[in-house]
Amino acid sequence: MSEPAARGARPGEPRIPRSLSAPVPGWAASADVIVVGSGIAGLTCALRLRERVDRVLLVTKTVLDEGSTAWAQGGIAAALHPEDSPEEHLEDTLVAGVGLCDREAVEALVTEGPQRVRQLVALGAEFDRDADGEIKLTREGGHHRDRIAHAGGDATGREISRALIAALDRVRDDPGIEVVEHALVVDLLDDGAGRVNGVTLHVIGEGQLDGVGAAYARAVVLATGGLGQIYTSTTNPPVATGDGMAAALRAGARVTDLEFIQFHPTVLFLGEGSTGQQPLISEAVRGEGAFLVDAAGHRIMEGRHELADLAPRDVVARAILDTMRDQGVDHVYLDARHLGAAFLEERFPSIVASCRSLGFDPATDLLPVAPAQHYASGGIETDLHGRSSLPGLYACGECSCTGVHGANRLASNSLLEGLVFAHRIADDIPARIAAGELAEPEVPERPDRAGGDARGDHALLDHSQRLTVQRAMTSGSGPVRSAESTAATAVVLGELAALPPSKAAPGPKTWETTNLLHLGQVLTALAARREETRGGHVRSDFPERDDARWLARQSVVVAPDRSLTLTERSMP
């Protein structure tokens with residue numbers, strides 16, 4: 001990429017505080033490395049680091065298995081079949097990313113991916129096998145080969161999470177690793193010279209670790225997942241409030257590609273007004289032969305793409321949105337009836353059970369579906385080693401932006417990205433410690449000197465305003481955007497940000513809601529600037545892709561004065 005061109009904030013652009021209002025820390029802890037998050041990225045990183053540094057502190061927001069990894073249905077993509085190759089996986093990933101993938105990052109992903117998946121198997125993950133004992137592989141959107149390994153039919157994430165947690169349980173007595181559950185990261189700490197050296201945490205009912213405290217380390221790894229709760233409907237679990245992304249943003253880390261939000265095409269439509277986490281119908285169902293139709297039974301994807309119903313997700317989602325607009329309807333249908341009850345129950349037991357519990361039977365009924373937020377392709381920008389733009393801060397998994405996904409993530413590359421780059425981070429940190437690049441942090445005698453501010457001069461948004469944020473984001477910066485819609489969203493979010501500082505008291509719900517507000521403001525600003533349609537970013541007023549102007553990635557950094565510095569970097 002070319003060197004970034006930067007500019008300052010324009011009038012009306014958001015101003016983001018550098019920290020959240022919070023009580024002063026009442027306790028302190030320290031470790032060599034703090035890993036925040038317990039999905040595939042966080043668990044893999046923590047387990048591998050435990051073998052190579054003296055002490056790892058693993059922090060998770062609720063309990064170990066409640067992150068997004070456990071909800072992953074389809075599988076994990078890797079070139080495991082003898083007839084497949086990393087080069088073919090590379091090509092499919094680049095095509096899905098619509099010109100904005102970092103090729104070196106994708107090469108790392110597809111080349112190292114097969115080995116990392118086999119290491120998961122050695123760790124205890126049990127993938128579905130064929131009659132010969134080989135890992136079964138299926139196909140999903142955007143892939144030209146069967147390369148999706150799955151477990152429990154449609155419970156791949158749950159099985160991977162189980163295997164990693166079991167591996168963690170086997171070493172729970174090891175003093176080299178400590179797990180703290182029910183801990184929300186509030187903000188990052190720095191050493192006064194620009195290096196991240198810890199986090200402030202709010203822990204609920206964990207003995208001495210109760211309330212807000214400060215944890216220090218040579219390095220901090222954020223693996224905190226996505227921001228799905230920024231929209232009214234999402235496939236993400238309730239914990240996905242963008243906490244790590246927002247903390248890094250406020251600390252001054254570079255955040256990139258935030259406008260590229262993937263809306264999964266086939267989410268079970270539960271009626272107008274349904275909010276929160278929605279039931280996902282995995283792309284693997286279409287991989288096994290299901291297809292999309294309108295109310296008259298016409299195939300939606302015929303003639304739209306060479307892969308038809310297995311086109312990349314942005315293409316399928318856009319086709320559904322076009323159909324909904326043209327026909328004046330709020331959903332279309334997924335037809336899996338011809339696959340038969342026996343096959344569906346064996347291959348997709350979780351999906352079938354979920355649908356039937358809601359009154360739909362995939363074996364006999366057309367399933368009403370519509371796009372809903374699924375994945376953030378952007379996040380905290382990192383290099384090939386997982387390093388962010390702030391010394392001492394790493395990011396991994398959905399909260400990061402490695403450049404692998406570009407404008408649109410290829411199906412089932414998310415678990416693989418978390419796995420591959422967690423290994424890379426766990427290799428980089430010990431090497432840097434050995435080289436003297438990551439110094440041991442100084443822990444203050446009084447933790448209340450660590451940071452935090454109980455005075456409330458950094459406005460918090462009351463939890464009661466969360467739905468206002470979600471509705472504004474969905475209508476203006478959701479699946480379809482325009483200059484008018486993003487401007488309207490920016491106004492609503494700006495009014496919320498301008499509420500008096502004393503409006504809401506510090507606490508987990510207000511911190512989460514404020515995180516969504518800050519990320520929504522930045523996402524909306526970037527979506528307004530990108531005047532084209534590309535991948536997960538769809539503009540009704542600029543419906544075509546514009547390589548002449550927008551073959552570039554947008555980044556944001558929050559300056560000390562709370563203004564945004566935006567940069568554009570041209571792609572080759």
Side-chain angles (χ1 to χ4, degrees), residues 40 43-44 47 69-93 96 107-167 170 280-291 307-310 336-353 362-363 410-420 423:
I40 188 171
L43 287 172
T44 299
L47 284 166
T69 292
W71 291 94
Q73 294 176 344
I76 185 167
L80 297 170
H81 195 279
E83 295 181 4
D84 197 5
S85 68
E87 290 74 24
E88 290 175 274
H89 190 182
L90 170 77
E91 183 60 27
D92 286 343
T93 301
E107 287 173 346
L109 180 85
V110 301
T111 302
E112 298 170 21
Q115 176 189 0
R116 300 309 181 204
V117 173
R118 293 186 180 101
Q119 288 173 330
L120 261 185
V121 173
L123 192 69
E126 297 179 1
F127 290 95
D128 295 337
R129 304 273 179 166
D130 61 22
D132 297 324
E134 298 297 325
I135 293 175
K136 280 185 180 179
L137 300 172
T138 190
R139 192 173 306 197
E140 293 184 359
H143 294 270
H144 284 78
R145 291 277 192 184
D146 292 349
R147 66 167 67 96
I148 314 301
H150 49 85
D154 56 0
T156 311
R158 181 67 63 188
E159 171 56 20
I160 290 173
S161 182
R162 181 208 63 78
L164 289 168
I165 292 171
R170 291 194 290 269
L280 174 68
I281 310 297
S282 170
E283 198 152 343
V285 179
R286 281 177 283 133
E288 298 290 357
F291 50 83
L307 294 176
D309 290 87
L310 286 177
R337 296 173 296 178
H338 57 288
L339 299 179
F343 175 81
L344 288 168
E345 289 167 3
E346 178 185 0
R347 178 68 178 83
F348 303 109
S350 301
I351 293 173
V352 170
L410 181 65
S412 288
N413 268 357
S414 54
L415 293 177
L416 190 70
E417 181 195 33
L419 187 63
V420 167
H423 276 266

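Gln119 and Arg116 share a donor-acceptor pair across their side chains, judged by distance under 3.5 Å alone. A donor-acceptor contact closer than 3.5 angstrom is absent between the side chains of Asp92 and His143.
Taking CG of Leu416 as the start and OG of Ser412 as the end, the distance is 9.5 Å to the nearest 0.5 Å. Between the CG atom in Leu419 and the CG atom in Asn413 there is a gap of 12.0 Å [rounded to 0.5 Å]. Rounded to the nearest 0.5 Å, atoms CG (Leu137) and CZ (Phe127) are 10.0 Å apart. Between the CG atom in Leu280 and the CD1 atom in Ile351 there is a gap of 6.5 Å [rounded to 0.5 Å]. We find the CD1-CD1 distance between Ile135 and Ile76 to be 10.0 Å, quoted to the nearest 0.5 Å.
Residue Glu288 comes nearest to Thr138 through the heavy atom pair OE2-OG1, 3.2 Å, listed as atom of the first residue, atom of the second, then distance. Taking each heavy atom of Leu415 and Ile40 in turn, the nearest pair found is O-CD1, 3.5 Å.
The existence of a salt bridge linking Asp309 and Arg286 is excluded, since no basic side-chain nitrogen approaches an acidic carboxylate oxygen closer than 4.0 Å. No salt bridge links Lys136 with Asp130; every basic N to acidic carboxylate O contact stays at or beyond 4.0 Å.
Two residues are said to be in side-chain contact when any heavy atoms from C-beta on lie closer than 4.5 Å; Leu307 and His144 meet this criterion. Between Leu310 and Phe291 there is no side-chain heavy-atom pair separated by less than 4.5 Å. Looking only at side-chain heavy atoms (C-beta outward), His150 and Phe348 stay at 4.5 Å or farther from each other. The closest side-chain heavy-atom distance from Glu134 to His81 is not below 4.5 Å.
Here the side chain of Glu283 pairs a donor or acceptor atom with the backbone of Gly141 at under 3.5 angstrom. Judged purely by atom type and a 3.5 angstrom limit, Arg145 uses its side chain to pair as donor or acceptor with the backbone of Glu83. Checking side-chain atoms of Glu159 against main-chain N and O of Glu126 turns up a donor-acceptor pair under 3.5 Å. Under a 3.5 Å cut-off, the side chain of His338 and the backbone N or O of Gly289 do form a donor-acceptor pair.
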